[in-house]
Amino acid sequence: MTPRNLLSAALAAVLLAAPAAFALDAAELKKTLEVIDDRQRNSGDYKSLVYLEQKEKDKADTVREALVYRRDADDKLMILFTKPKGEAGKGYLRLDKNLWIYDPNVGKWERRTERERIAGTDSRRADFDESRLAEEYDATYEGEEALGKFQVHKMSLKARPTIDVAYPVIKLWVDKETTNVLKRQEFALSGRLMRTLYYPKWQKLFSESKGADVWYPQEIRIYDEVEKANSTVILIKSVDLRSLEANIFTKAWLESKSR
């Protein structure tokens with residue numbers, strides 16, 4: 001082998017070895033998921049005003065408004081729709097890992113799965129709930145990529161056994177500089193891609209109860225990969241981290257709001 005060939009072989013070996021040098025190992029992946037969860041978690045309560053814009057094939061676009069209440073310490077979640085008039089009073093309540101829906105038109109509660117389309121949009125319960133990636137998934141590293149102007153870590157997550165989640169496999173693109181999730185793809189057990197989500201805007205708010213900033217996605221763009229013409233935009237217009245009344249996370253409270 002000539003000196004030039006030897007140099008080329010050496011450079012090729014270095015380039016091939018370079019990605020591995022920056023790969024996140026299992027401990028670093030777990031830590032990254034914990035950081036993502038912690039940045040979005042408030043040790044106290046959480047209330048937000050949310051707008052949902054839904055596009056569906058051969059249908060007029062719809063806009064909904066909802067209030068989202070969370071008490072992360074107890075894993076409680078309430079979504080109360082306030083607009084349009086036909087949806088007002090409809091709501092979802094997560095209690096003891098069960099998701100319930102209340103329809104004021106029939107005055108009944110029904111239990112739903114994690115794959116429930118919230119109010120018929122492309123959103124799911126997890127889009128409004130606290131992040132539990134480190135608790136629900138194990139991650140493997142897929143390398144570094146450029147996502148627009150951002151350098152990102154790409155990782156594949158597989159749901160842990162006995163954990164009930166909407167999608168058993170997801171892929172995440174995480175900004176290396178901020179640890180914000182910028183893109184997420186969700187797959188069925190068959191491997192079929194079901195949804196692609198983009199998180200173009202993140203905001204932070206200081207939490208008195210946490211003593212640190214709480215981050216939330218100000219905008220989420222959801223693309224239905226099965227019904228390609230369908231998509232949803234979630235806009236989180238405001239967040240309030242003050243304490244909530246204790247009786248909010250009850251069926252009686254939601255029923256009282258629909259009268």
Side-chain angles (χ1 to χ4, degrees), residues 40-42 44-56 59-72 74-95 97-132 166 184 195 197-203 205 214-224 230-259:
Q40 299 175 62
R41 184 173 295 147
N42 184 31
D45 294 340
Y46 172 99
K47 175 185 176 183
S48 63
L49 175 62
V50 176
Y51 287 84
L52 298 97
E53 300 174 2
Q54 177 70 17
K55 294 182 182 294
E56 289 186 282
K59 293 184 179 179
D61 296 352
T62 61
V63 177
R64 295 174 173 83
E65 178 183 289
L67 293 168
V68 177
Y69 303 91
R70 280 190 355 219
R71 180 160 291 161
D72 296 345
D74 297 331
D75 287 345
K76 292 179 177 176
L77 172 74
M78 172 76 78
I79 303 173
L80 170 63
F81 283 85
T82 55
K83 295 179 181 178
K85 187 176 181 179
E87 294 285 324
K90 185 177 182 179
Y92 293 83
L93 175 61
R94 174 191 165 98
L95 283 176
K97 300 187 182 302
N98 295 315
L99 182 66
W100 299 86
I101 181 175
Y102 180 71
D103 186 344
N105 295 316
V106 294
K108 291 184 178 179
W109 288 88
E110 292 183 5
R111 186 177 172 183
R112 297 300 174 92
T113 71
E114 289 293 316
R115 283 160 287 281
E116 169 80 2
R117 289 160 53 95
I118 299 297
T121 70
D122 293 301
S123 65
R124 302 293 187 272
R125 186 275 307 165
D127 299 322
F128 307 97
D129 210 345
E130 72 165 332
S131 179
R132 299 187 183 89
R184 170 174 171 146
R195 297 197 310 168
L197 300 87
Y198 292 93
Y199 303 82
K201 296 179 181 178
W202 285 84
Q203 293 288 323
L205 186 66
V214 172
W215 288 79
Y216 62 94
Q218 192 177 41
E219 178 178 332
I220 307 173
R221 293 185 173 270
I222 305 171
Y223 296 92
D224 190 325
N230 296 355
S231 64
T232 301
V233 176
I234 300 174
L235 301 176
I236 299 178
K237 305 298 290 186
S238 64
V239 173
D240 188 340
L241 301 178
R242 291 176 294 182
S243 297
L244 299 170
E245 296 178 10
N247 67 338
I248 284 181
F249 303 97
T250 62
K251 291 182 177 180
W253 185 86
L254 182 52
E255 291 172 12
S256 73
K257 296 299 177 182
S258 63
R259 295 179 186 133

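Note that the coordinates shown come from a computational prediction; the quantities given were computed from them, not determined experimentally. By convention here, the first residue in the shown sequence is residue 1.
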Student: Can you tell me how far CD1 of Ile236 sits from CD1 of Ile220, rounded to the nearest 0.5 angstrom?
Tutor: 5.0 Å
Student: Which residues satisfy the side chain to side chain contact (heavy atoms under 4.5 Å, CB included) test with Ser238, sequence neighbours excluded?
Tutor: Leu49
Student: Can you list every ring-ring contact (aromatic ring centres under 6.0 Å, His included) pair that touches residues 113-132, not counting sequence neighbours?
Tutor: none
Student: Tell me every residue that passes side chain to side chain donor-acceptor pair (under 3.5 Å) with Thr62, counting only those two or more places apart in sequence or in another chain.
Tutor: Arg64
Student: With sequence neighbours left out, write down each residue that passes salt bridge (charged side-chain N to carboxylate O under 4.0 Å, His left out) with Lys83, or none if nothing qualifies.
Tutor: Glu65
Student: At their closest point, which heavy atom of Gly86 faces which heavy atom of Asn105, and how far apart are they?
Tutor: O-ND2, 4.3 Å
Student: My understanding is that only residues two or more places apart in sequence, or in another chain, count here; which of them pass side chain to side chain contact (heavy atoms under 4.5 Å, CB included) with Asp122?
Tutor: Gln54, Arg117, Ile222, Asp224, Asn230, Thr232
Student: To the nearest 0.5 angstrom, please state how far the OH atom of Tyr199 sits from the CG atom of Asp127.
Tutor: 6.0 Å
Student: Going by the rule side chain to side chain contact (heavy atoms under 4.5 Å, CB included), which residues pair with Ser231 if we only count those two or more places apart in sequence or in a different chain?
Tutor: Lys55, Tyr223
Student: What residues, two or more places apart in sequence or in another chain, satisfy side chain to side chain contact (heavy atoms under 4.5 Å, CB included) together with Glu130?
Tutor: Arg41, Arg70, Asp72, Asp75, Arg132
Student: Who are the side chain to side chain donor-acceptor pair (under 3.5 Å) partners of Arg125, not counting sequence neighbours?
Tutor: Glu114, Asp129
Student: Look up atom OH in Tyr46 and atom OH in Tyr69, then write down how far apart they are to the nearest 0.5 Å.
Tutor: 12.5 Å
Student: Taking only residues two or more places apart in sequence, or in another chain, which ones meet Arg221 in a salt bridge (charged side-chain N to carboxylate O under 4.0 Å, His left out)?
Tutor: Glu219
Student: With rounding to the nearest 0.5 angstrom, report the CH2 to NZ distance, Trp100 to Lys108.
Tutor: 13.5 Å
Student: Rounded at 0.5 Å granularity, tell me how far OH in Tyr216 sits from CG in Leu205.
Tutor: 6.0 Å
Student: Keeping the roles fixed (side chain from Arg71, backbone from Leu244), state whether a donor-acceptor pair exists under 3.5 Å.
Tutor: yes
Student: Checking ring pair (Phe, Tyr, Trp, His ring centres under 6.0 Å) for the pair Trp253/Tyr102: CA distance, chi angles, key distance, verdict?
Tutor: CA-CA 11 Å; Trp253 185 86; Tyr102 180 71; over 10 Å; no
Student: Only counting residues at least two apart or in another chain, list the ones meeting salt bridge (charged side-chain N to carboxylate O under 4.0 Å, His left out) with Lys90.
Tutor: Glu87
Student: What's the spacing between Leu254 CG and Ile248 CD1 if we round to 0.5 Å?
Tutor: 11.0 Å
Student: With sequence neighbours left out, write down each residue that passes side chain to side chain donor-acceptor pair (under 3.5 Å) with Trp109, or none if nothing qualifies.
Tutor: Glu255
Student: Under the salt bridge (charged side-chain N to carboxylate O under 4.0 Å, His left out) rule, collect the residues that match up with Arg242, sequence neighbours excluded.
Tutor: Asp240
